[in-house]
Amino acid sequence: MTQLHRKDILGLQDMSSEEIQLILDTAESYKEILSRSVKKVPILRGKSICTLFYENSTRTRCSFELAAKIMSADTTAVSTAGSSIQKGESFKDTLLTLEAMGMDLFVIRHSASGAPHFAAKILKSSVINAGDGMHEHPTQGLLDMLTIRQNKGRIEGLKVLIVGDIMHSRVARSNIWGLSKMGAHVRLCGPRTLLPAEIEKLPVEVYDNLDMALEDVDVVNVLRIQLERMNRGFFPSVREYSALFGINKDRLRRAKPDVLVMHPGPMNRGIEITPDVADGEFAVITEQVTNGVAVRMALLYLLLGGGGHVGSA
């Protein structure tokens with residue numbers, strides 16, 4: 001497969017392993033551009049990309065905008081503050097207005113699960129889901145897989161533990177679907193109150209004891225405790241959470257000697273992960289950020305069919 005035969009990237013649940021492989025291979029080839037002294041290629045010159053964010057974001061938004069600019073696309077950033085959205089303009093009208101201005105692709109983050117899917121139905125332009133509610137965050141799942149593949153040489157057969165606030169995490173869902181499709185064995189661990197309903201329907205092993213969950217794993221993906229999404233007491237205290245489910249150096253000894261430690265950011269240092277682990281030899285957290293730019297470049301190229309622009313002056 002050399003082409004992505006789809007208009008939109010909405011989640012990894014409905015994506016085939018061949019499509020994921022294509023995206024990761026394409027991202028691998030684009031990563032080289034990021035190490036150049038002049039980070040600019042004309043691949044998407046003349047294309048217009050809109051980042052439409054109804055929720056705050058630093059990493060994802062900057063990463064998409066940088067990816068677009070490196071590839072010479074024009075970018076327009078729209079956030080809820082300072083736009084007609086604050087005047088009560090509907091999501092649908094905002095989308096149609098921006099499309100009428102000539103946008104070729106929308107990158108959408110929204111607090112409502114399914115919002116990018118709605119956008120994809122009404123727009124002729126392509127849509128990339130940059131995180132929708134507690135549903136999915138496909139580009140984070142892809143960059144996590146790229147980071148694992150680059151460090152381990154493969155994904156198939158690896159034991160990957162996702163630990164923390166699974167219920168509120170769209171990152172966890174995209175990782176579960178993507179990793180399992182690529183042949184990894186996925187484990188989940190967190191307080192019972194932070195595990196999703198009907199978890200038995202997911203392709204995972206579930207643990208409530210972190211020491212047992214860490215036994216012999218190749219990768220630990222530590223999730224942020226999303227205090228802003230919690231409207232009731234999901235655990236007694238931050239201190240108790242840290243004692244039972246925080247990743248520290250002592251605990252990591254149960255994993256493989258060459259374990260990878262990942263975190264989607266931003267981190268609550270000292271809560272879900274200790275600073276010596278976050279900054280330590282096993283952590284690949286800054287590499288994830290670099291890979292995020294490469295993955296988003298790959299998706300922009302594959303969706304906007306930039307092949308026609310390659311090599312133009």
Side-chain angles (χ1 to χ4, degrees), residues 8-15 19-20 23-24 26-28 30-31 51 53-68 107-111 113 115-117 127-151 155 160-182 184 186 188 196 202 204 219-226 228-229 260-268 272-273 278 283-300 302-303:
D8 314 293
I9 301 292
L10 302 175
L12 301 189
Q13 186 175 0
D14 70 338
M15 203 176 273
E19 288 175 301
I20 293 171
I23 294 165
L24 298 183
T26 308
E28 191 99 53
Y30 278 130
K31 198 174 174 185
T51 56
F53 278 54
Y54 285 73
E55 281 187 328
N56 295 335
S57 167
T58 302
R59 282 164 189 73
T60 304
R61 176 173 223 146
C62 289
S63 180
F64 267 112
E65 289 175 3
L66 185 59
V107 178
I108 297 174
R109 170 167 289 191
H110 204 289
S111 58
S113 298
H117 302 69
V127 173
I128 298 178
N129 178 4
D132 63 324
M134 295 188 288
H135 177 234
E136 276 215 52
H137 191 349
T139 59
Q140 181 72 44
L142 290 162
L143 74 88
D144 287 347
M145 285 190 280
L146 181 62
T147 306
I148 292 169
R149 196 176 80 166
Q150 284 179 344
N151 282 276
I155 295 172
V160 182
L161 170 64
I162 303 172
V163 58
D165 181 1
I166 313 286
M167 181 164 73
H168 296 99
S169 178
R170 51 196 175 208
V171 173
R173 283 171 183 77
S174 287
N175 266 284
I176 289 164
W177 294 118
L179 287 165
S180 56
K181 282 181 190 201
M182 299 306 283
V186 183
L188 303 183
L202 296 173
V204 295
V219 182
V220 180
N221 200 343
V222 187
L223 300 176
R224 182 173 69 87
I225 292 299
Q226 300 192 35
E228 74 280 5
R229 292 187 194 274
L260 281 191
V261 177
M262 304 169 71
H263 193 300
M267 286 183 278
N268 297 306
E272 70 258 6
I273 189 167
V284 286
I285 295 163
T286 51
E287 193 181 327
Q288 286 174 266
V289 176
T290 306
N291 284 338
V293 180
V295 159
R296 286 151 185 151
M297 287 171 71
L299 288 175
L300 295 178
L302 290 166
L303 289 179

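Treat the numbers as computed from the prediction; the structure is a model and nothing was measured. In this chain, numbering begins with 1 at the start of the sequence shown. Only this structure's heavy atoms are used, side chains among them; waters, hydrogens and symmetry mates stay out.
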K.L.:
What's the spacing between I155 CD1 and I20 CD1 if we round to 0.5 Å?
P.N.:
8.0 Å

K.L.:
Which atom pair, heavy atoms only, marks the closest approach of R109 to S57?
P.N.:
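Looks like NH1-CB, 3.3 Å.
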
K.L.:
Hey, are the side chains of I176 and I162 touching, using non-hydrogen atoms and a 4.5 Å cut-off?
P.N.:
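I176 reaches I162 side chain to side chain.
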
K.L.:
With the side chain counted from C-beta on, respond yes when T139 and I128 share a heavy-atom pair under 4.5 Å apart, and no when they do not.
P.N.:
yes

K.L.:
How would you list, by chain and number, every residue that makes a side chain to side chain donor-acceptor pair (under 3.5 Å) with K181, sequence neighbours excluded?
P.N.:
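Once residues adjacent in sequence are excluded, K181 has no partner under the side chain to side chain donor-acceptor pair (under 3.5 Å) criterion.
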
K.L.:
Going by ring pair (Phe, Tyr, Trp, His ring centres under 6.0 Å), name the residues that satisfy it together with Y54, two or more places apart in sequence or in a different chain.
P.N.:
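In terms of ring pair (Phe, Tyr, Trp, His ring centres under 6.0 Å), with neighbours along the sequence ignored, Y54 is linked to F91, H110.
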
K.L.:
Before giving the answer on side-chain contact (heavy atoms from CB on, under 4.5 Å), spell out for L161 and V219 the whole-Å C-alpha distance, their side-chain angles and the decisive distance to 0.1 Å.
P.N.:
CA-CA 6 Å; L161 170 64; V219 182; over 6 Å; no

K.L.:
Quick check for you: to the nearest 0.5 Å, what is the distance between D14 atom CG and H117 atom NE2?
P.N.:
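If we round to the nearest 0.5 Å, D14:CG and H117:NE2 are 7.0 Å apart.
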
K.L.:
Check the pair E55 / R170 against salt bridge (charged side-chain N to carboxylate O under 4.0 Å, His left out), numbers first and verdict last.
P.N.:
CA-CA 14 Å; E55 281 187 328; R170 51 196 175 208; 3.0 Å; yes

K.L.:
For I148 and M262, what are the C-alpha separation, side-chain angles and deciding distance, and is it a side-chain contact (heavy atoms from CB on, under 4.5 Å)?
P.N.:
CA-CA 9 Å; I148 292 169; M262 304 169 71; 3.7 Å; yes

K.L.:
Taking salt bridge (Lys or Arg N to Asp or Glu O under 4.0 Å) as the cut-off, I'd like each qualifying pair that reaches into residues 128-149, sequence neighbours left out, listed once.
P.N.:
D25-R149, E28-R149

K.L.:
To the nearest 0.5 Å, what is the distance between CD on Q13 and OG on S180?
P.N.:
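If we round to the nearest 0.5 Å, Q13:CD and S180:OG are 9.5 Å apart.
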
K.L.:
Would you sort out whether N291 and Q288 count as a side-chain contact (heavy atoms from CB on, under 4.5 Å), showing the intermediate values?
P.N.:
CA-CA 5 Å; N291 284 338; Q288 286 174 266; 5.7 Å; no

K.L.:
If we only count heavy atoms from C-beta on, is the R224 to P266 side-chain gap below 4.5 Å?
P.N.:
yes

K.L.:
Partners of S63 by side-chain contact (heavy atoms from CB on, under 4.5 Å), sequence neighbours excluded?
P.N.:
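Only V293, R296 meet the side-chain contact (heavy atoms from CB on, under 4.5 Å) criterion with S63.
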
K.L.:
Please report the shortest heavy-atom distance between A294 and Y30, naming the atom on each side.
P.N.:
O-CB, 4.4 Å

K.L.:
Any idea which heavy atoms bring V261 and I285 closest together, and the distance?
P.N.:
O-CG1, 4.1 Å

K.L.:
Using side-chain heavy atoms (C-beta onward) and a distance below 4.5 Å, is L179 in contact with M182?
P.N.:
no

K.L.:
Looking at every heavy atom in both A298 and I23, which two are closest together, and how far apart are they?
P.N.:
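That closest heavy-atom pairing would be CB-O, 3.9 Å.
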
K.L.:
Who are the side-chain contact (heavy atoms from CB on, under 4.5 Å) partners of T290, not counting sequence neighbours?
P.N.:
K31, L34

K.L.:
Do the numbers put R61 on top of the ring of F53, so that NZ or CZ is under 6.0 Å from the six-membered ring centre and no more than 45° off the axis?
P.N.:
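So R61 does make the cation-pi contact.
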
K.L.:
Which atom pair, heavy atoms only, marks the closest approach of N175 to G141?
P.N.:
ND2-CA, 4.0 Å

K.L.:
If we only count heavy atoms from C-beta on, is the L303 to I9 side-chain gap below 4.5 Å?
P.N.:
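Yes, close enough: below the 4.5 Å cut-off.
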
K.L.:
Should T60 and Q140 be marked as a side-chain hydrogen bond (donor to acceptor under 3.5 Å, both in side chains) after you check the CA-CA gap, both sets of side-chain angles, and the distance that decides it?
P.N.:
CA-CA 8 Å; T60 304; Q140 181 72 44; 5.2 Å; no

K.L.:
Examine distances only and state if a side-chain atom of N129 and a backbone atom of L10 form a donor-acceptor pair shorter than 3.5 Å.
P.N.:
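The answer is yes, because a donor-acceptor pair under 3.5 Å joins these two groups.
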
K.L.:
Between H263 and E272, do the side chains contain a donor N or O and an acceptor N or O under 3.5 Å apart?
P.N.:
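Yes, because at least one side-chain N or O of E272 sits under 3.5 Å from a partner of the opposite role on H263.
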
K.L.:
Can you see whether R173 engages H137 through a side-chain donor-acceptor pair at a distance of less than 3.5 angstrom?
P.N.:
no

K.L.:
Looking at every non-hydrogen atom in both residues, tell me the closest pair between D8 and V127 and how far apart they are.
P.N.:
OD1-N, 2.9 Å

K.L.:
Report yes if the side chains of L142 and L299 come closer than 4.5 Å at any heavy-atom pair, otherwise no.
P.N.:
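A side-chain contact under 4.5 Å exists here.
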
K.L.:
I want to check something: taking the side chain as every heavy atom from C-beta on, are M145 and L24 in contact at a cut-off of under 4.5 Å?
P.N.:
yes

K.L.:
Output yes when a side-chain donor or acceptor of S174 lies under 3.5 Å from a complementary backbone atom of V171, and no otherwise.
P.N.:
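Judged by distance alone, no pair lies under 3.5 Å.
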
K.L.:
Would you say L302 and T26 make side-chain contact, with heavy atoms under 4.5 Å?
P.N.:
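Side-chain contact under 4.5 Å: yes.
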
K.L.:
Applying side chain to side chain donor-acceptor pair (under 3.5 Å), name anything that partners N151, two or more places apart in sequence or on another chain.
P.N.:
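Counting only residues at least two positions away or on another chain, N151 forms a side chain to side chain donor-acceptor pair (under 3.5 Å) with E287.
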
